[in-house]
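Take a look at the structure set out below.
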Amino acid sequence: MEVKAAVIHETGGEFKLEQVELSDPRDDEVLVRVVAAGICGTDLGAVHGHLPIPGPPSVFGHEGAGIVEKVGGRVTKVKPGDHVVLAWDYCGECTACKLGKELYCLNFFLHNFHGARPDDSATLHKGDQVIHGSFFCQSSFADFALANERNVVKVREDVPLEILGPMGCGVMTGAGAVMNSLRPRAGSSIAVFGTGTVGMSAVIAALAVGCTTIIAVDVNPDRLKMAKEFGATHTVNAGEVDPVEAVLDLTAGGAEFSLECVGNPQVFRQAVDVLPRLGVCGLLGVVPPMTEVSLNMDLIMNGRTVMGILGGDAVADLFIPRLIELYRQGRFPFDRMITYYPFDEINKAVMDMAEGRVIKPVLRP
Ligand SMILES: [Zn+2]
Ligand SMILES: [Zn+2]
């Protein structure tokens, strides 16, 4: 079928809205009419060639939410008309998948970054030309997206679908890191470094699970103000003071939990240095491959833990409905991070995000 998609024709170039052809769903696939698609830092990394993906022309987008239009013959999870959020894909066969750790799928790249289905067949064409799609098994910067039954999450229909796209990546990542990975007890302290979508979702989740000291660290005063509205008990402007000293002062010796949500070796070091003994630092920030960091070995040896976390350790089918329930109860107001843009303003949305004017731009194709 003909669909309208935002195509990247050269590395680092602008999005161009074009008509392209999208394949029909195979037996295990789901065609989704995209209602909203969040823009995530990983999309911009893909545009700029920082991911190990095939070169342009490409269609990105991996925070899609929409309505099922058509399903393949063997699909039982959803039916046409269902509301769905699109999440990350996985193989379902490898050791990690069999352990229920789908986000750490050993075939992750093949299922999310291959530019086509895992068997090399392309889902997007323009005339004779292949367009790389299947980004996170969706390529949702388009009015229709082709997903697999595995990575569609059915959601309740009494919640506005247009807010739910970011649940599939950024929101799930930040909230899941707190609720699934770190699991702080009520009354704990946590320091969140970086308050984009991921960090801000972590702040909201920290409040939801009962953390009583929630310190947001950033260099953007507007975001710190917003973090406070979301439940941060303290904010630290790392552009004005030494964030490590500030967090150690505020917590009388260290934050029991910390999260690095920036993707910066210096910030990672700070997030580890604020831990007391038995403290745990979760690393969420995405960095280019082969990025190295120096840490204080002696500090870590004394009972501190550093853990890398993908996608908030979430099983999307289980976790996204839980977050939506918290949202319905007013305990997870993540939608206040969103700024909406019409689809044809995608380049403006990207610029506003890159310059820190908005936290989570969401397109409405
Ligand atoms: Zn797998
Ligand atoms: Zn993402």
- Carefully, step by step, assess I53 and F60 under the rule side-chain contact (heavy atoms from CB on, under 4.5 Å). CA-CA 11 Å; I53 52 171; F60 301 121; 3.6 Å; yes

Flag if over 12 foreign heavy atoms under 6.0 Å of [atom1], [X]:
{"X": "R33", "atom1": "CZ", "answer": "no"}
{"X": "Q266", "atom1": "CD", "answer": "no"}
{"X": "R183", "atom1": "CZ", "answer": "no"}
{"X": "M351", "atom1": "CE", "answer": "no"}

Tell me the closest heavy-atom pair linking [X] and [Y], and the distance in Å.
{"X": "F230", "Y": "L207", "value": "O-CD2, 3.7 Å"}
{"X": "V272", "Y": "C281", "value": "CG2-SG, 4.0 Å"}
{"X": "L275", "Y": "E256", "value": "CD2-O, 4.2 Å"}

Salt bridge between [X] and [Y], side-chain N to carboxylate O under 4.0 Å?
{"X": "E325", "Y": "R328", "answer": "yes"}
{"X": "K77", "Y": "D82", "answer": "no"}
{"X": "D222", "Y": "K225", "answer": "no"}
{"X": "K16", "Y": "E18", "answer": "no"}
{"X": "E29", "Y": "R117", "answer": "yes"}

- Message: Could you walk me through whether L310 and Y104 satisfy the side-chain contact (heavy atoms from CB on, under 4.5 Å) test, starting with their C-alpha distance in whole Å, then the side-chain angles of each, then the deciding distance to 0.1 Å, before giving a yes or no?
- Response: CA-CA 7 Å; L310 286 180; Y104 303 93; 3.6 Å; yes

Donor-acceptor under 3.5 Å ([X] side chain, [Y] main chain):
{"X": "S139", "Y": "V59", "answer": "yes"}
{"X": "H132", "Y": "G55", "answer": "yes"}
{"X": "T123", "Y": "S23", "answer": "no"}

At what distance, to the nearest 0.5 angstrom, does [atom1] of [X] lie from [atom2] of [Y]?
{"X": "I300", "Y": "D273", "atom1": "CD1", "atom2": "CG", "result": "8.5 Å"}
{"X": "R156", "Y": "I324", "atom1": "CZ", "atom2": "CD1", "result": "8.5 Å"}
{"X": "D335", "Y": "I163", "atom1": "CG", "atom2": "CD1", "result": "4.5 Å"}
{"X": "K348", "Y": "R357", "atom1": "NZ", "atom2": "CZ", "result": "6.5 Å"}

- Message: Who clusters with L86? Use side-chain heavy atoms, under 4.5 angstrom, across I, L, V, M, F, W and Y, and order the result by chain and number.
- Response: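 Via sub-4.5 Å side-chain contacts, L86 links to V30, V32, V68, V71, V75, V78, V84, V152.
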
- Parallel, tilted or perpendicular: ring planes of F135 versus F113, cut at 30 and 60 degrees: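 The rings of F135 and F113 lie parallel, inter-plane angle below 30°.
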
- With sequence neighbours left out, what residues match E149 under salt bridge (Lys or Arg N to Asp or Glu O under 4.0 Å)?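 With sequence neighbours excluded, E149 shows a salt bridge (Lys or Arg N to Asp or Glu O under 4.0 Å) to no residue whatsoever.
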
- May I ask whether L164 and W88 are part of the same hydrophobic cluster, defined by side-chain heavy atoms of I, L, V, M, F, W, Y residues being less than 4.5 angstrom apart, directly or through others?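 Yes.
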
- Query: Got a sec, which pairs hit side chain to side chain donor-acceptor pair (under 3.5 Å) with one end in residues 278-305, sequence neighbours left out?
  - Reply: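 Output for this query lists R277-N302, D298-N302.
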
